[in-house]
Amino acid sequence: MSIYFAVSSGDIKQIGKALLEINPFWFLGSMACFFVHAFMEGFIPYTYFRLQKIRARLRDCVRVGLVGMYYSSITPAATGGQPMQVYSLKKKGIGAGISSSALAVKFFCWQLSVLLLGAGLWITHPALVSVHMREAVWLLPIGFFANGIAVAAVLLLSFARNLVRAIIILIVSILARLRIVKDKAATASRMDAALDDFMTSVNAVKRNFSHFFIMFVLSVVQVLALMSAIYFIYRGLGLNEQSYPKILTIQLMLFIAASFTPLPGASGAQEGGFYLFFKPFFMDGQIFAAMFLWRFVTYYLSIICGFIAVISDNSNKERENLK
């Protein structure tokens with residue numbers, strides 16, 4: 001879709017010129033934003049494990065974080081990331097209940113960070129949001145609602161133990177009828193034990209607000225790192241008229257507005273939204289160059305680095321099996 005927009009615009013030479021002339025220092029800054037985001041993807045669960053006195057290696061957690069980023073990037077609505085992270089962590093000796101609780105708390109903190117930062121920036125820059133999003137501003141309430149539902153779902157999962165157990169029994173029963181699960185009783189027992197571990201781990205966080213606060217602060221850093229990449233690309237293209245808070249505001253609004261798109265990486269919505277919302281920020285011929293660079297740093301780099309992590313993770317498993 002990005003290539004189609006660029007070809008249709010007839011600005012291929014200008015786009016190529018902009019890509020060649022970008023300041024490497026600022027572009028490396030945008031790459032640094034991605035790597036901070038990627039590191040936090042593994043460091044936050046690692047911090048969770050350490051706070052709960054669970055043995056885990058930082059390098060393993062960072063690799064698992066990259067694995068999750070890869071599967072989130074290639075599956076609709078990023079649904080594949082957490083299950084693969086749970087699977088990968090289980091291979092490293094961390095139970096499904098504990099790892100699920102770590103990822104649930106991390107997801108909750110990420111969503112809460114996005115919502116609070118987005119709401120704060122919208123409140124402080126209402127005219128900016130209205131001018132740049134124009135007719136698409138109605139997407140924001142939907143985006144906030146969708147992200148809010150996700151936060152509510154995690155809260156429900158953390159407090160409604162009996163409801164979660166009933167859902168587990170229902171799922172196991174359906175899988176048994178489909179003959180996917182052979183031993184219904186044993187599978188239900190294992191999942192019930194994982195639920196006990198999950199609830200015990202989450203309750204430990206609820207009893208220690210400082211643990212949650214640490215996770216939340218780290219999530220804010222992760223969100224800001226990912227959302228800041230576009231500012232470095234903007235400056236790298238030789239522009240400096242717009243301030244960092246303004247660019248951060250539009251980037252967060254774009255992220256929230258496109259977040260409910262049920263496609264891998266919210267493809268299409270992200271590119272189209274970027275073109276509409278950021279076009280006034282860039283000179284002629286620069287908007288598509290900026291889009292290519294921004295999408296590479298914030299999305300395709302996740303697939304590249306994540307794929308390497310997947311290969312590395314599988315190679316480690318094979319070496320362990322040979323020992």
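Just so you know, these numbers come straight off a predicted model, no measurement behind them. Basis for what follows: all heavy atoms, side chains included, without hydrogens, waters or symmetry-related copies.
A side-chain N or O of Ser101 and one of Tyr48 form a donor-acceptor pair less than 3.5 Å apart. The closest side-chain donor-acceptor pair between Ser228 and Tyr244 falls under 3.5 angstrom.
At a threshold of 4.5 Å between side-chain heavy atoms, the hydrophobic network of Ile, Leu, Val, Met, Phe, Trp and Tyr places Val217 and Leu224 in one connected group. Cluster annotation: Ile54 and Ile44 are assigned to the same hydrophobic cluster (Ile/Leu/Val/Met/Phe/Trp/Tyr, side-chain heavy-atom contacts under 4.5 Å, transitive). No path of Ile, Leu, Val, Met, Phe, Trp and Tyr side chains, each step under 4.5 Å between heavy atoms, connects Leu248 with Ile123, placing them in separate hydrophobic clusters. Linking ILVMFWY side-chain heavy atoms closer than 4.5 Å, directly or via other members, places Val67 and Leu103 in two distinct hydrophobic clusters. There is a path of hydrophobic side-chain contacts, each under 4.5 Å, that joins Ile74 to Ile311.
Rounded to the nearest 0.5 angstrom, Leu115 CG and Ile256 CD1 are separated by 6.5 Å. For the atom pair NE2 of His37 and OG of Ser302, the computed distance is 5.5 Å after rounding to the nearest 0.5 Å. Taking CD1 of Ile233 as the start and CH2 of Trp294 as the end, the distance is 9.0 Å to the nearest 0.5 Å. If you take CE on Met40 and OG1 on Thr47, they are separated by 8.0 Å, rounding to the nearest 0.5 Å. Atom CG in Leu128 sits 10.5 Å away from atom CE in Met133 (nearest 0.5 Å). Arg55 contributes atom CZ, which lies 10.5 Å from atom CD1 of Ile94 (distance to the nearest 0.5 angstrom).
No side-chain heavy atom of Phe288 sits less than 4.5 Å from a side-chain heavy atom of Lys279. Gln85 is not listed as a side-chain neighbour of Lys90, based on a closest heavy-atom distance of 4.5 Å or more. For the pair Phe49 and Ile98, the minimum side-chain heavy-atom distance is below 4.5 Å. With contacts defined as side-chain heavy-atom distances shorter than 4.5 Å, the pair Phe255/Met227 qualifies. Taking 4.5 Å as the limit, every side-chain heavy atom of Ile230 sits out of range of all side-chain heavy atoms of Val297. The closest side-chain heavy-atom distance from Lys246 to His132 is not below 4.5 Å. No side-chain heavy atom of Arg59 sits less than 4.5 Å from a side-chain heavy atom of Val62. Using a 4.5 Å heavy-atom cutoff, the side chains of Phe144 and Val114 are not in contact.
Across all their heavy atoms, Arg63 and Ser312 have their closest contact at NE-OG, 3.2 Å. Between Leu66 and Cys305, the closest heavy-atom pair is CD2-CB, 4.3 Å. Counting all heavy atoms, side chain and backbone alike, Ala225 lies closest to Val36 at CB-CG1, 3.7 Å. Here the closest non-hydrogen pair linking Leu121 and Pro245 is CD2-O, 4.5 Å. Across all non-hydrogen atoms, the minimal contact from Leu237 to Ala290 is CD1-CB, 3.8 Å. In terms of heavy atoms, Ala257 sits closest to Leu139 at CB-CB, 3.9 Å.
Between Asp313 and Lys92 there is a salt bridge, since at least one side-chain N of the basic residue sits less than 4.0 Å from a carboxylate O of the acidic one.
A donor-acceptor pair under 3.5 Å is formed between the side chain of Ser73 and the backbone N or O of Met69. No donor-acceptor distance shorter than 3.5 angstrom exists from the side chain of Ser30 to the backbone of Ala229, with no hydrogens or angles considered. Of the possible donor and acceptor atoms, one in the side chain of Ser113 sits under 3.5 Å from a partner among the backbone N and O of Cys109. Between the Gln82 side chain and the Ser100 main chain, no donor and acceptor come within less than 3.5 Å of each other. Judged purely by atom type and a 3.5 angstrom limit, Arg235 uses its side chain to pair as donor or acceptor with the backbone of Leu239.
Cation-pi contact between Arg295 and Tyr299: present, with separation from the ring centre below 6.0 Å and deviation from the ring axis of at most 45°.
Aromatic ring orientation, Trp26 versus Tyr231: perpendicular (interplanar angle above 60°, classes split at 30° and 60°). By the 30° and 60° cut-offs, the orientation of the rings of Phe43 relative to Phe39 is parallel. Ring-plane geometry between Tyr70 and Phe307 is classed as tilted, the angle between the planes lying from 30 to 60 degrees on a 0 to 90 degree scale.
Within the 6.0 Å centre-distance limit, the rings of Phe274 and Phe278 are counted as a close aromatic pair. In this structure, Phe108 has its ring center at least 6.0 angstrom away from the ring center of Phe216. Taking the six-membered ring where the residue is Trp, the centroids of Tyr234 and Phe282 are separated by under 6.0 Å.
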Intermediate values then yes/no, side chain to side chain contact (heavy atoms under 4.5 Å, CB included), Trp122 and Thr249: CA-CA 7 Å; Trp122 193 3; Thr249 298; over 6 Å; no

Derivation and outcome, side chain to side chain contact (heavy atoms under 4.5 Å, CB included), residues Leu51 and Tyr46: CA-CA 9 Å; Leu51 290 173; Tyr46 171 76; over 6 Å; no

